[in-house]
Amino acid sequence: MSETVLDVRGLSCPLPVLKANRVLRDLPEGARLRVLATDRASVSDFQVFCRETGHALVSFADENGVFAFTIKRRAQS
C-alpha cells in the first residue's frame with residue numbers, strides 16, 4: 001500500500017495534528033500517512049494524538065530540522 005504525504009512544514013501547533021487528523025479520516029484502515037512538520041511541539045503532539053486516537057505511530061525521524069512521522073490508520077471499531 002502506498003503512503004500519503006502531508007506537508008505541514010511552517011505550520012504551528014495545533015495545525016499539523018488537526019490537518020493530519022482530517023486526512024486520516026479519509027484513508028482506509030491500515031493506510032499510512034507520512035507527515036512532514038517543522039514545529040518542535042509536533043513531536044510530543046503526534047505522540048499524544050496517536051496514543052489517544054488509537055492510530056499507530058510507526059516511525060519518527062528528525063531529518064535536518066524536518067520532523068517526519070509515519071502514522072498507520074487504526075481499524076474502525
Side-chain angles (χ1 to χ4, degrees):
M1 184 175 285
S2 65
E3 221 174 43
T4 300
V5 177
L6 175 63
D7 187 345
V8 291
R9 292 179 284 188
L11 298 180
S12 297
C13 174
L15 289 176
V17 168
L18 293 175
K19 289 185 177 284
N21 188 41
R22 185 175 300 148
V23 172
L24 283 163
R25 277 191 240 148
D26 293 333
L27 293 178
E29 295 177 8
R32 291 178 182 236
L33 174 65
R34 182 171 170 84
V35 182
L36 304 174
T38 50
D39 182 13
R40 182 156 291 284
S42 66
V43 175
S44 62
D45 289 348
F46 276 105
Q47 291 171 349
V48 170
F49 169 73
C50 288
R51 188 169 46 247
E52 290 181 357
T53 60
H55 299 301
L57 183 57
V58 176
S59 68
F60 162 74
D62 181 348
E63 301 169 353
N64 297 319
V66 176
F67 305 110
F69 307 91
T70 301
I71 301 168
K72 182 178 175 185
R73 191 190 188 295
R74 67 179 167 85
Q76 294 290 8
S77 49

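All of these numbers come straight from a predicted model, not from anything done at the bench. Positions are given from 1 along the sequence.
- Atom OG of Ser42 is separated from atom CZ of Phe49 by 12.5 Å, given to the nearest 0.5 angstrom.
- To the nearest 0.5 Å, atoms CZ (Arg40) and OG (Ser12) are separated by 13.5 Å.
- Hydrophobic clustering of Ile, Leu, Val, Met, Phe, Trp and Tyr side chains at less than 4.5 Å, counting indirect connections, keeps Val5 apart from Leu27.
- Separating the CG atom in Asp39 from the CG atom in Leu15 is a distance of 9.5 Å, to the nearest 0.5 Å.
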*Phe69/Cys50 under side chain to side chain contact (heavy atoms under 4.5 Å, CB included): CA gap, chis, key distance, verdict*: CA-CA 11 Å; Phe69 307 91; Cys50 288; over 6 Å; no
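- Not one N or O on the side chain of Thr70 forms a donor-acceptor pair closer than 3.5 Å with the backbone of Arg34.
- Gly10 and Thr38 get closest at one heavy-atom pair: N-OG1, 2.8 Å.
- Tracing side-chain contacts under 4.5 Å through hydrophobic residues (I, L, V, M, F, W, Y), one reaches Val17 starting from Leu11; they form part of the same cluster.
- None of Arg74, Lys72, His55 except one satisfies the side chain to side chain contact (heavy atoms under 4.5 Å, CB included) rule with Leu24; the exception is His55.
- Taking every heavy atom of both residues into account, Ala68 and Leu36 meet most closely at CB-CD2, 3.9 Å.
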*Decide yes or no on side chain to side chain contact (heavy atoms under 4.5 Å, CB included) for Ile71 and Val35, but give the supporting numbers first.*
CA-CA 8 Å; Ile71 301 168; Val35 182; 4.3 Å; yes
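- Residue Leu6 is grouped with residue Val43 when hydrophobic side chains (ILVMFWY) are merged at heavy-atom distances under 4.5 angstrom, including chains of intermediate members.
- Within the 3.5 Å criterion, the main-chain N or O of Glu29 finds no donor-acceptor partner in the side chain of Gln76.
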